[in-house]
Number of protein chains: 2
Amino acid sequence: MEDIPKETQRFRVRGHLWLESEKDRFLGPGRIELMEKIKEHGSISKAASAMGMSYKKAWNLVLSMNSQVEKPLVLTQTGGSRGGGAVVTPEGEHYIEAYKALVVRFQEFLANETRHLQG
Amino acid sequence: MEDIPKETQRFRVRGHLWLESEKDRFLGPGRIELMEKIKEHGSISKAASAMGMSYKKAWNLVLSMNSQVEKPLVLTQTGGSRGGGAVVTPEGEHYIEAYKALVVRFQEFLANETRHLQG
DNA sequence: TAGCGTTATATATCGAGATATATAACGGGT
DNA sequence: ACCCGTTATATATCTCGATATATAACGCTA
């Protein structure tokens, strides 16, 4: 590594990280952010528009996440005094925390590898 | 982490990794594979078709890589007895090796995190 | 029973990226 | 002078995912 030219200084190591099951993605940055926005706004539609995402896409993500676990990460309710809404369950919150901790370790890995590269 | 339900067993941590400069991607899995195919076949067009990629895309990747370093990673030649061709320079080979070593460490990270998640 | 905001779902439209097609240039061989 | 396979480049076409649009259902309110 020590004979990589100086210009290597300009490069950074970057990456993406996610959890997946047999064939489907389970959790990634977008799904985590969506759950956080649902926590904040109390509905899928408001969460979606808050992050510039179509309702349909957000709905599909919730469907995908919930379909891969026994206890759903997001509960939805149609109708009612406010028309309905969505909440993140304790299970959902747990995954959010676990994912964030994972990302912290990943960022350390990337920073370390970038340092290594630029040696 | 210890109170994540059993079904977490089914999830793996996966990821992508690449090198980038200020605004452009520099090296990722596709570009590395392309350089390896160029080494193998001696031309961009053969390398591209060998990995089911259009010549145009392969050419753009070579252009992008070479534009980000002083000494090009891939040298091309037009015309001549065989019509032309392309070769990977020692600098290119060096980056291939550095990237592969990085990927090995990344795979270890992912395996470790998957184990941690399922622990 | 009518109104409301939302979830839930299907269908249609659009646009970006990929692919296909075309053409020029290159330079050695014959 | 012409042929060859490749690099180099522009343009046209296509495809698929994303987005937009539309509609139904839900359940509380009043």
Side-chain angles (χ1 to χ4, degrees), chain A residues 16 18 20 23-26 28-69 71-89 91-92, chain B residues 16 18 20 23-26 28-69 71-89 91-92:
Chain A
H16 285 156
W18 66 91
E20 69 174 31
K23 295 232 163 170
D24 295 329
R25 178 171 293 216
F26 175 55
R31 291 163 190 237
I32 293 293
E33 183 182 353
L34 177 62
M35 281 201 284
E36 288 176 328
K37 297 291 185 191
I38 289 172
K39 263 178 74 178
E40 190 181 340
H41 293 99
S43 85
I44 294 177
S45 66
K46 281 179 187 163
S49 73
M51 54 191 291
M53 176 184 285
S54 70
Y55 171 80
K56 180 177 180 177
K57 175 161 184 177
W59 166 248
N60 283 337
L61 293 183
V62 169
L63 205 64
S64 166
M65 285 189 284
N66 281 348
S67 74
Q68 295 182 65
V69 286
K71 297 185 178 180
L73 307 189
V74 174
L75 290 180
T76 62
Q77 190 185 7
T78 73
S81 65
R82 291 226 166 85
V87 294
V88 175
T89 66
E91 279 74 24
Chain B
H16 284 156
W18 66 91
E20 68 174 31
K23 295 230 165 173
D24 295 329
R25 178 169 295 216
F26 174 56
R31 291 163 190 237
I32 293 292
E33 184 182 353
L34 177 61
M35 281 202 284
E36 288 177 329
K37 296 291 184 191
I38 289 172
K39 264 179 73 177
E40 191 181 339
H41 293 98
S43 84
I44 294 176
S45 64
K46 282 180 188 163
S49 74
M51 55 192 291
M53 177 186 287
S54 71
Y55 170 81
K56 179 177 181 177
K57 175 161 185 177
W59 165 247
N60 283 336
L61 293 183
V62 168
L63 205 64
S64 166
M65 286 189 284
N66 280 347
S67 72
Q68 294 183 64
V69 286
K71 297 185 179 179
L73 307 189
V74 174
L75 291 180
T76 63
Q77 189 187 6
T78 73
S81 64
R82 291 227 167 84
V87 294
V88 174
T89 66
E91 280 74 24

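The structure presented is a predicted model; accordingly, all values stated were derived computationally and were not measured. So you know, we letter chains A, B, ... as the sequences are listed, proteins then strands, and number each from 1.
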Give every donor-acceptor pair under 3.5 Å between a side-chain atom in residues 47-58 of chain B and any protein atom, sequence neighbours left out.
unit_1: Ser49(B); atom_1: OG; unit_2: Lys46(B); atom_2: O; d: 3.3
unit_1: Ser54(B); atom_1: OG; unit_2: Lys57(B); atom_2: N; d: 3.2

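For the atom pair Lys39(B) NZ and Leu34(B) CG, the distance stands at 13.0 Å (nearest 0.5 Å). To the nearest 0.5 Å, atoms CG (Leu73(A)) and CE (Met35(A)) are separated by 5.0 Å.
Each of Ser81(A) and Gly79(B) lies near DNA chain C, and the nucleotide nearest Ser81(A) is the one positioned closer to the 5' end.
Spacing between atom CZ of Arg82(B) and atom P of dG27(C) amounts to 18 Å, rounded to whole angstrom units. Taking atom CG of Leu75(B) as the reference point, atom P of dA8(D) lies 10 Å away to the nearest angstrom. Separating the CH2 atom of Trp59(A) from the P atom of dA18(D) is a distance of 18 Å, rounded to the nearest angstrom. Between the CE atom of Met53(B) and the P atom of dA20(C) there is a distance of 13 Å, rounded to whole Å. Taking atom CD1 on Ile44(B) and atom P on dA25(C), their separation rounds to 19 Å, with Å as the unit. Rounded to whole Å, the distance from CD on Gln77(A) to P on dA8(C) is 10 Å. Put simply, NZ on Lys46(A) is 12 Å from C1' on dC4(C), counting in whole angstrom units. The interatomic distance linking Lys57(A) (NZ) with dC14(C) (P) rounds to 21 Å, in whole Å.
Checked by distance alone, Lys56(B) brings a side-chain donor or acceptor within 3.5 Å of a matching partner on the base of dT11(D).
Counting any heavy atom pair closer than 4.0 Å across all strands shown, Thr78(A) reaches a base atom. At a threshold of 4.0 angstrom between heavy atoms, the contacts of Gly85(A) are confined to the sugar-phosphate backbone, with no base atom among them. The residue Leu63(A) sits apart from the nucleic acid: no heavy atom pair falls under 4.0 Å.
Side-chain contact annotation: Ser64(B) with Arg31(B), donor-acceptor N/O pair under 3.5 Å present.
Of the side-chain N and O atoms in Ser45(A), none sit less than 4.0 angstrom from OP1 or OP2 of dG5(C).
At distances below 3.5 Å, at least one donor-acceptor pair connects side-chain atoms of Gln68(B) with backbone N or O atoms of Arg25(B).
For Tyr55(B), whose side chain is taken as the heavy atoms from C-beta onward, the closest listed nucleotide among dT7(D), dT6(C), dA8(C) is dT7(D).
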